Each structure stands twice: as C-alpha cells, then as structure tokens.
J.: 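The following block contains the structure, expressed as structure tokens.
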Amino acid sequence: MPDQNPVFIPGPTNIPDQLRAAMNIQTRDHRAPDFVETLAPLLRDLKKVFKTSDGTVLTFPASGTGGWEAAITNTLSPGDKVLVARYGMFSHRWIDLCERHGLNVHTVDIEWGRGAPAEHFEQLLTEDEAQEFKAVLVTHNETATGVKSDIAAVRAALNKAQHPAMLYVDCVSSLACMDFRMDEWEVDLAVSGSQKGFMLATGMAIVGVSTKAMQAMDTATCSRCFFDFRDMANANTNGSYPYTPPIQLLSGLKASLDMLLTEGLDAVFARHYRLAEGVRCAVAAWGMDLCAKSPELYSDSVTTILTPEGFNADELVQHAYDAYHVSFGVGLGQMAGKAFRIGHLGSLTDVMTLSGIATAEMAMKDLNYPIQLGAGVAAAQEYYRNTLTLTTQQAA
Ligand SMILES: *Cc1c(COP(=O)(O)O)cnc(C)c1O
C-alpha cells in the first residue's frame, strides 16, 4: 500500500495512471512507414510547450544531464568562453560538465537562494569588447534552492550589451510547470527532460534548438556522435531516429502532451502557482524560512525550506520516509542537512499537496520541531478554499 503515496521529491514526479498506461505498449517497428505519423505531431506539440515556432525540438534517449551535454557539444568548441552563474547544485553540475568538455568557464558565484544576476551579466558582457563569450548559461529553476530566475532579464542584458553570445537555459524543472518562452526570450538552447513537468518515466532529454544554435554546429568542434543534432533532425524529418527510438517513452510523451495541452498551458502554470502558494502558506505557519530570498524568486515547482538551528534536515527526510513512506527532497550541496525540499510539480492536486504538508508536519512534530501540529495544513487549507476559482491572470 505505501506505494500509493505520492512522492514530494522535485523529480522524478508522480506518473498519472493514463501516462503509465500509455507507456505500457508492445514493441512497434520503428522502421514501419506509419512511424512517421507518430513522430511528426509529437514534435509539433512539443514546440507549443517550448513556445517556439522558429526553433527545432529534439528528443534523445537520456536524462536531463544528457540534454546539457547535447547543448554544449553541438554548439561550442574546447576553449570557448562561457558565462555562467552558480547558485545551486544544478547550475554547479552544468558548470562541471562544461569544464570537463574543455570550455573556458567564467563562473559568477551567487549566494544560494538568489537567481541569475542579469545586471552583473550585462556589465561583464559590456566589458567583453572582443566578444569572447560564446554563450551565457542560466538555470531557469534551480531545483536545489527553489529559485526561479528571470530569463527575460538575462535576454535584456545580452541585448543591452549588444552581445552576440547565445543564451542556454536549463528548463528541466520549469518547462510545463512555469511559463517558458523560447522564441520571445530568444533562447538558443533549452534543455528539459521527461521525468518532471512531463510526468513521465526518466529516459528522455528534450532539447529546443534555435536556428542560430543549429548554425553554430558548422564551426563548433566539440566531439559529438550520439547527441548530434543534425543526425537527429535529419532522421526526424523522415519520421525516424538515427538509432532505436524509445517507443514506450514516445507513446507516453504523446499522452503527456495531450494532457498538458488539453488542460491548457496557462491553466497548468496557474495550478502549479496555486499548489506552491499553499505550501508557502504552510511554511509561514510553521514559522520557518524559505531558501529563496524574495517572492519574485519563488519557484512554483519546488520549495526549499530551511530547518531551524539545531535540527538536521536529512534526519527529517529520512524519518518521513521510514515512518510514513513519503519522500521529500534532501538539501543538496551546501544546503545538506540545513534544508529539505517539497517538490510540487507535475501530476498533483491540492488534495495530494495537503497530504504532503500533513506528513511533513507529523515528521517534524515527531522530531520535536517547534511547530503546532495542524498549523501548516490549516494555512494551506484556508488558501486552497479561498482560491478555488483562482484565474490564470491572477496567477501570472
Ligand atoms: C532534474 C534536473 C536536471 C537533470 O537531471 P537528470 O537527473 O539528468 O535528469 C537538470 N537541471 C535541473 C534544474 C533539474 O531539476
């Protein structure tokens, strides 16, 4: 029975029954002529989720990390200078990946709990008169800290500096959860994966590629084979893959896109905002602080909660699992032991979210945290009762 509990980790996320069913299909021949009809509408719908008409969306059998690698190796050369801010474990891991591919990474270290420093980027890009920076890398939603960065502001910084560097965005834990606009923000590489907002099994990297990024392949010399964009794009044009496609995941992806587009992207974002606000109300009622420093940074996918002085957050997460069979996220990197995370992305309702808040509360009470049993649940209940008709506009 405990396997019926939802997970409250920020990915992989809960898989709705209809998506599990959609992934449970018999082997199909990917060289059969009707496979074309499977792939083309899928890629078309993916573009709606990325909000791109100019770009190309490609899917690779991999996790999100493979998407990062694809973005880097297709478009850059060893020694290329890239600008990136580190403000959590995921931005940190992307920097590490760039370094291992021999890029010259200029890292700006930011306090964890803050987001991409658009103004500082503008200054550095303005000073870069030789235009050596080839790319600016931003993690849209830093899953370690529960911080959402302002991608439009980073694009504005590039434009104000009149800098031609490409803009790479990790949107693994924001796409299909929070608004993302590939064309409007002129994002050149947008990296996502199947197991977060898409509510699917892990195993597919989903990458949005701009025309400019495709053209960068002409001169980029990083080695690539499995993740070669052109091989994939050319094969896709003929309705195939350069190798065996993950048929079951693609079948799930079709169902996921149907679900998301039927609900409507604005409604999906409004639901994530509302669920997140309920969790934030609970945290306030517990008298605890968020890792995110200010409201405009609050993530609607994950909330990172600082535990009070003298309480080890790892123990809390362990106890919630041992006692109640419910998973929360541990603190990552420098937040280890100091924070825990409630993931509230993907397939979740207010009722499910209340169960997570209630469980966190029981686990904290068991460990003598200075909280009132029921305080967080009541605060979230009050918020959910009062926002049943929350409109898309209010959530924006
Ligand atoms: C989950 C996640 C990734 C990718 O992780 P994988 O385990 O490789 O799928 C990358 N960036 C962010 C922000 C994430 O949340």
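On a predicted model such as this, the values are computed, not experimentally measured, just so you know. Indexing begins at 1, ligand by ligand and atom by atom, following the structure's order.
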J.: Which residue and atom name correspond to the protein heavy atom nearest atom 15 (O) of ligand 1, and how close is it?
T.: T143 OG1, 2.5 Å
J.: Could you tell me whether K196 approaches ligand 1 through its side chain, its backbone, both or neither, with non-hydrogen atoms closer than 4.0 Å?
T.: side chain
J.: Counting neighbours of CZ on F311 that are heavy atoms of other residues, nucleotides or ligands and sit closer than 6.0 Å, is the number greater than 12?
T.: yes
J.: List the steps and the verdict of side-chain contact (heavy atoms from CB on, under 4.5 Å) for D314 and V317.
T.: CA-CA 5 Å; D314 286 350; V317 171; 5.8 Å; no
J.: Is there a polar contact, in the sense of an N or O pair closer than 3.5 Å, between G64 and ligand 1?
T.: yes
J.: Against ligand 1, does W68 come closer than 4.0 Å with any heavy atom?
T.: yes
J.: Which protein non-hydrogen atom lies closest to atom 6 (P) of ligand 1, naming both residue and atom, and how far is it?
T.: S63 OG, 3.4 Å
J.: In ligand 1, which numbered atoms sit nearer than 4.0 Å to a non-hydrogen atom of N141?
T.: 13 (C)
J.: Tell me, do L275 and D300 make a side-chain contact under 4.5 Å, heavy atoms counted?
T.: no
J.: Near S173, which atoms of ligand 1 are under 4.0 Å from a heavy atom of that residue?
T.: 13 (C), 15 (O)
J.: Is any side-chain heavy atom of I342 closer than 4.5 Å to one of V283?
T.: no
J.: Are any of the side-chain heavy atoms of F180 and F269 separated by less than 4.5 Å?
T.: no
J.: For the residue pair S251 and R28, confirm or rule out a side-chain donor-acceptor distance under 3.5 Å.
T.: no
J.: Students should be able to answer this: which protein heavy-atom is nearest to atom 5 (O) of ligand 1, and at what distance?
T.: T65 OG1, 3.9 Å
J.: Write out the residue and atom name of the closest protein heavy atom to atom 11 (N) of ligand 1, then the distance separating them to 0.1 Å.
T.: D170 OD2, 2.6 Å
J.: Looking at D218 and R230, does any basic side-chain N land under 4.0 Å from a carboxylate oxygen?
T.: yes
J.: Hey, is Q195 one of the residues with a heavy atom under 4.0 angstrom from ligand 1?
T.: yes
